[in-house]
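The structure appears below as structure tokens.
Each chain gets a letter, A, B and so on, in the order its sequence line appears, and its residues count up from 1. The shown structure was predicted, so the numbers you read here are calculated from the model rather than taken from an experiment.
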Amino acid sequence: MKVASWNVNSIRARHDRLVAWTAEHRPDVLCLQEIKVENDQFPRESLEAQGYRWALWGQRTYNGVAIAARSELRDVVVGFGDEPGDAEARAIAATVDGVRIASVYIPNGQAVGSDKFAYKLAWLARLRAWLDRAVDPGQPFLLCGDFNVAPEDRDVHDPAAWAGKIHCSEPERAALRQVLGWGLVDVFRRHHEEGDHYSWWDYRGVSFFKNRGLRIDHIFASASMAARSRGCEIDREARKGQNASDHAPVYATFDAG
DNA sequence: ATGTCACATCTAATGTGA
């Protein structure tokens with residue numbers, strides 16, 4: 001099973017690139033974030049023509065998450081079911097070929113100490129609480145998405161410059177560790193120990209050209225799925241050229257269960 | 001170098017969020 005995750009930063013702006021990417025890489029499951037469109041405006045047909053089905057939780061302008069899969073998407077759930085906190089479309093889960101898979105878009109947080117930063121930390125705590133009550137740690141499970149957190153300094157192009165800043169601050173990293181502490185493994189780090197691998201580069205300036213990025217997009221796996229993982233890569237090629245998202249897709253392969 | 005995108009709105013330059 002090949003599972004990919006990509007913050008496309010608008011499905012409409014990224015449509016042609018996405019269609020070309022899935023045609024080339026042919027993931028079995030694709031988790032998307034920031035689709036930025038309501039379900040009834042979502043361009044389902046292009047990937048359906050490649051054999052995919054959809055689970056969608058769209059939203060106008062901001063946010064919006066989706067899962068595409070070649071097999072049936074069972075038991076689709078949107079949000080955490082902890083109203084009234086579920087106003088923003090940031091989480092969707094489905095079961096595909098016996099694997100529970102979630103696509104999540106963690107709030108950006110804007111700046112350490114801001115109201116949005118507090119919301120980000122609270123959202124990560126709600127994510128952990130959702131794992132505790134809604135997912136069986138013994139089952140095959142993948143938590144995929146844009147976490148807006150670089151877990152360690154080796155995930156940061158310039159740790160000194162980013163120290164204490166948004167995406168890299170200790171409160172965010174601690175909140176992310178709480179999520180991982182549920183029983184999740186960073187699949188990318190199972191296969192790559194070294195730094196200089198990033199999944200996001202600022203649109204401004206020469207950040208991509210100079211590889212000044214952060215690794216904030218992740219595929220986290222339960223123990224049984226981590227044991228089945230055979231590789232994990234970030235497709236830097238997808239960040240190149242005109243009309244690219246500011247995020248590159250990350251993808252992992254797993255042995256059959 | 002507050003440098004680029006994407007989207008929205010009293011359709012045209014500006015605000016918001018990233």
Side-chain angles (χ1 to χ4, degrees), chain A residues 5-21 31-44 46 56-66 79 85-92 103-124 127 144-151 155-158 160-169 171-173 175-176 198-218 234-250:
Chain A
S5 180
W6 196 1
N7 180 328
V8 290
N9 186 13
S10 166
I11 188 69
R12 287 179 290 201
R14 223 61 60 207
H15 173 269
D16 293 354
R17 272 186 173 258
L18 176 64
V19 168
W21 195 85
C31 296
L32 298 179
Q33 301 87 37
E34 281 206 272
I35 61 177
K36 294 186 175 182
V37 72
E38 297 284 345
N39 287 4
D40 61 6
Q41 306 273 331
F42 190 92
R44 290 173 155 88
S46 305
L56 301 173
W57 189 19
Q59 186 176 321
R60 182 182 124 116
T61 314
Y62 306 120
N63 312 317
V65 285
D86 255 355
E88 300 186 348
R90 294 183 177 276
I92 188 169
S103 175
V104 295
Y105 173 47
I106 279 70
N108 176 287
Q110 196 170 62
V112 172
S114 66
D115 289 350
K116 286 174 182 168
F117 184 72
Y119 179 70
K120 179 180 196 173
L121 296 182
W123 203 94
L124 284 163
L127 172 57
C144 308
D146 173 6
F147 287 76
N148 271 312
V149 180
D155 303 310
V156 182
H157 71 91
D158 185 347
W162 282 87
K165 299 286 200 323
I166 194 69
H167 309 302
C168 303
S169 73
E172 292 165 80
R173 287 177 169 176
L176 184 63
Y198 311 120
S199 67
W200 171 86
W201 300 260
D202 199 303
Y203 275 128
R204 289 168 288 193
V206 294
S207 64
F208 180 68
F209 181 70
K210 296 277 191 182
N211 200 25
R212 296 174 187 159
L214 303 176
R215 195 176 69 88
I216 57 177
D217 299 87
H218 306 295
I234 300 168
D235 183 19
R236 203 174 179 283
E237 292 298 309
R239 180 62 176 77
K240 293 181 178 175
Q242 295 295 310
N243 307 313
S245 171
D246 46 351
H247 296 254
V250 53

What interatomic distance, in whole Å, is found between [atom1] of [M] and the corresponding atom of [N]?
N	M	atom1	result
B:dG3	B:dG15	P	14 Å
B:dC7	B:dA12	C1'	14 Å
B:dA1	B:dG17	P	26 Å
B:dT14	B:dC10	C1'	13 Å

**Message:** Partner lookup for B:dC5, please. Criteria are Watson-Crick or G-U wobble with both distances under 3.5 angstrom; report none if nothing qualifies.
**Reply:**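 Base partner found: B:dG17.
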
Between [N] and [X], is there an OP1 or OP2 to side-chain N/O distance shorter than 4.0 Å?
X	N	result
A:Arg60	B:dT9	yes
A:Ser10	B:dC7	yes
A:Arg14	B:dC5	no

Figure out the [atom1]/[atom2] separation between [X] and [N], and round it to whole Å.
X	N	atom1	atom2	value
A:Arg212	B:dG3	CZ	C1'	11 Å
A:Gln242	B:dT4	CD	P	12 Å
A:Glu38	B:dC7	CD	C1'	13 Å
A:Asn148	B:dA18	CG	P	8 Å
A:Tyr119	B:dA18	OH	C1'	15 Å
A:Asn7	B:dT4	CG	P	20 Å
A:Lys240	B:dT4	NZ	P	21 Å
A:Phe117	B:dG17	CZ	C1'	18 Å

**Message:** For the residue pair A:Arg239 and A:Phe208, would you count it as a cation-pi contact if the rule is NZ or CZ under 6.0 angstrom from the ring centre and within 45 degrees of the ring axis?
**Reply:**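 Satisfied, under 6.0 Å and within 45°.
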
**Message:** Can you work out whether A:Asn243 or A:Gln110 has the more 5'-proximal nearest nucleotide on DNA chain B?
**Reply:**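 Nearer the 5' end of the strand: A:Asn243.
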
**Prompt:** Which comes earlier along DNA chain B counting from the 5' end, the contact point of A:Arg12 or that of A:His247, where each point is its nearest nucleotide?
**Reply:**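 Per heavy-atom nearest nucleotide, the more 5' residue is A:Arg12.
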
**Request:** Check A:Ile166 against A:Val112 and note the closest heavy-atom contact, atom names and distance.
**Result:**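 Heavy atoms only, the tightest pair is N-CG2, 3.7 Å.
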
**Message:** Classify A:Tyr105 by what it touches in the nucleic acid, base, sugar-phosphate, or nothing, heavy-atom distance under 4.0 Å.
**Reply:**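 The answer is sugar-phosphate, as A:Tyr105 gets under 4.0 Å only of primed atoms, P, OP1 or OP2.
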
**Message:** By nearest atom, which of the nucleotides B:dG17, B:dA8, B:dT4 is closest to the A:Tyr62 side chain?
**Reply:**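 Ranking B:dG17, B:dA8, B:dT4 by closest atom to the A:Tyr62 side chain puts B:dG17 first.
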
**Message:** Starting the side chain at C-beta, find the nucleotide from B:dA8, B:dT16, B:dA18 nearest to A:Thr61.
**Reply:**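 Of all the options, the side chain of A:Thr61 is nearest to B:dA8.
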
**Request:** Report yes if some heavy atom in the side chain of A:Asp155 is under 4.5 Å from a heavy atom in the side chain of A:Trp162; otherwise report no.
**Result:**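 They are not in contact (no side-chain heavy atoms under 4.5 Å apart), so the answer is no.
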
**Request:** Measure the acute angle between the ring planes of A:Tyr198 and A:His157, then classify it against the limits of 30° and 60° as parallel, tilted or perpendicular.
**Result:**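 Answer is perpendicular, since the angle exceeds 60°.
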
**Request:** For A:Asp115, look at atom CG and say whether over 12 heavy atoms of other residues, nucleotides or ligands are found less than 6.0 Å away.
**Result:**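 Not more than 12 within 6.0 Å, no.
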
**Asked** Once you round to the nearest 0.5 Å, how far does CG of A:Asn108 lie from NE2 of A:His167?
**Response**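 Going from CG on A:Asn108 over to NE2 on A:His167, the span is 4.5 Å.
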
